[in-house]
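Scroll down for the structure; my scribbles are underneath it.
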Protein chains: 2
Amino acid sequence: MTKNFFNDRTKKLWHLWDCRPCNKNPESDHIETREKILIAAFEEIYEHGYQAASLSNILKNTEATKGALYHHFKNKKELGYAVLDEVVCESYMDSWIRPLENIDDPITVIKELLTDYAEMATQDDIRRGCPLHNLAQEMSPIDDDFRERISKAYTDWQKAIENAFEQGKKAGNVNPSIDSKSLALFFVATLEGCMGMAKTTQSITTLTCCGEALLERVESLRPKFISSET
Amino acid sequence: MTKNFFNDRTKKLWHLWDCRPCNKNPESDHIETREKILIAAFEEIYEHGYQAASLSNILKNTEATKGALYHHFKNKKELGYAVLDEVVCESYMDSWIRPLENIDDPITVIKELLTDYAEMATQDDIRRGCPLHNLAQEMSPIDDDFRERISKAYTDWQKAIENAFEQGKKAGNVNPSIDSKSLALFFVATLEGCMGMAKTTQSITTLTCCGEALLERVESLRPKFISSET
DNA sequence: CTTGACATACATACCGGTTGGTATGCAAAC
DNA sequence: GTTTGCATACCAACCGGTATGTATGTCAAG
């Protein structure tokens, strides 16, 4: 039951990314209250951004009180960090880092991840965009602690893609002459740009149009020789 | 003198984009007060975002008072719209729309615009990113009036690139088989993504790395036949 | 088996500061 | 004498944060 709670959590809030496994003691009420606040905080920040997120609103959407919030989190910034680390980054681990570990055909896998996303994206997902990107654009220029955490998350993401490209080269599924590191960075930047544009127009057409152009680019990274397998 | 004021304005605030020509009556003090508030408002919004922008801060950075502000602007939203329309969008007109009008070799021109930007960008420009993108990401999900204005700005930008591609096709400088409209959209999305990523890492290296990948992509849009001119 | 000491996990009430916004005053221009 | 272009003073609402109270443990000493 508590397991289901954790499973439902991200599914409900941000259903595109699978939920991280629950690695905390599910018996304790302590955790549940903290989790409830964390969920509501993620929702509020995802909707309004960190600076405009209201602690009162967060508490209104839980049955918790200000005493509970300040018992579990030192202040608003620590709450923001917890949302970033425990909700946003963990989701990225599950959706983009772990699926790229120990695979031989990264181009196919990346294309699957992209098309899966495009198919599952609801209007509301498109409207609110990518949580990591939102925080990055809002907080990077004005808070170095936020910026460093976000920057590390992006670096991890890029590293995962870069490693996948390198492993793909060894398996003969990726053009060995490409610069894995640069293209991993460019891929992440482009993907965020596409999702940001779709967020602005609030149209799935924008997302698919940009997505197809990105797919085409990814496909072009395959080896140049004609594949022996038809 | 007043002409210089307008020239200095955007040069100082957002020096990467040339300033729009002054099309208002420079004699009137009325305009000067309004302009001063508009400048300070742009600065404040550019630095902290629209929602976190403080009217008190804006007034502190001018010699104007709250009475002056509310004399010229109905409320905070109207001030935000004025900043968007009169400062941000006008700058984009000068830096990206007008340079693409009536040209035969769009790929060369676009590459010049990109490299010019990368060379002129200061650390502070990179830190604060693209003003249009910032507003787009912050306001699109929560305010439809903002969203429609920003969406139109992006559409105008894309149209300018699309038209330039089409004219380039006629002149034989662009591969006639490309989808001008889709690629214009993809180009804008990618460019914003690259600038957003550089903003997060706060490193020029990121900007140049992404920029080179983008340049490469743009270059690939030239006609496939070997050019007769060496 | 009970009792006192201490810790955990909140709940309630309150605080000073800041927010966007307004009502009024008033000198200069027309 | 009316309108324009501000300046000053003031406002209720909300902000993040804190001080204090309290119910429910935990645990070792007697």
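A note on names: the letters A, B, ... follow the listed sequences, proteins ahead of strands, and every chain is numbered from 1.
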Let me know the distance between [atom1] of [X] and [atom2] of [N], rounded to the nearest Å.
X	N	atom1	atom2	result
B:Glu78	C:dG20	CD	P	15 Å
A:Leu79	D:dG16	CG	C1'	12 Å
A:Leu59	C:dC10	CG	P	13 Å
A:Leu55	D:dC14	CG	C1'	12 Å
B:Glu35	D:dC6	CD	P	13 Å
A:Leu69	C:dT12	CG	P	15 Å
B:Arg34	D:dT4	CZ	P	16 Å
B:Phe73	C:dG20	CZ	P	15 Å

Counting just side-chain N and O atoms, does [X] come under 4.0 Å of either OP1 or OP2 of [N]?
X	N	value
B:His72	D:dC6	yes
B:Thr65	D:dC6	no
B:Ser56	C:dT19	yes
B:His71	D:dG5	yes
A:Ser54	D:dC14	no

Test the B:Lys77-B:Tyr50 pair against the cation-pi criterion, namely NZ or CZ under 6.0 angstrom from the six-membered ring centroid and within 45° of the ring axis.
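No, B:Lys77 does not lie over the aromatic ring of B:Tyr50.
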Are side-chain N/O atoms of B:Gln51 and A:Gln51 paired as donor and acceptor at under 3.5 Å?
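Note: B:Gln51 and A:Gln51 side chains miss the donor-acceptor criterion.
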Just by distance, with hydrogens left out, do B:Asp125 and B:Thr122 show a side-chain donor and acceptor under 3.5 Å apart?
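On atom types as modelled, these side chains qualify, holding a pair under 3.5 Å.
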So does B:Lys66 reach the base of C:dG21 with its side chain, donor to acceptor, closer than 3.5 Å?
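Between C:dG21 and B:Lys66, which were checked side chain against base, a qualifying N/O pair under 3.5 Å is present.
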B:Arg127/B:Glu47 salt bridge by N-O under 4.0 Å criterion
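A salt bridge is present here (some side-chain N lies under 4.0 Å from a carboxylate O).
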Identify whether the distance between the nearest side-chain nitrogen and carboxylate oxygen of A:Arg128 and A:Asp124 falls below 4.0 Å.
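Between A:Asp124 and A:Arg128 there is a salt bridge, with a charged N closer than 4.0 Å to a carboxylate O.
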Residue whose nearest DNA chain D nucleotide is more 5′ - A:Tyr70 or B:Glu63:
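The 5'-side residue here is B:Glu63.
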5'-most contact on DNA chain D: A:Gln51 or A:Gly67, nearest heavy atom basis?
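The answer here is A:Gln51.
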Residue A:Ala68, side-chain atoms from C-beta onward, closest of D:dG17, C:dG20, C:dC10
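Minimum distance to the A:Ala68 side chain belongs to C:dC10.
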Under 4.0 Å between any heavy atoms, over every strand shown, what does B:Ala52 touch: base, sugar-phosphate, or nothing? Just pick one.
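B:Ala52: no heavy atom of the nucleic acid under 4.0 Å.
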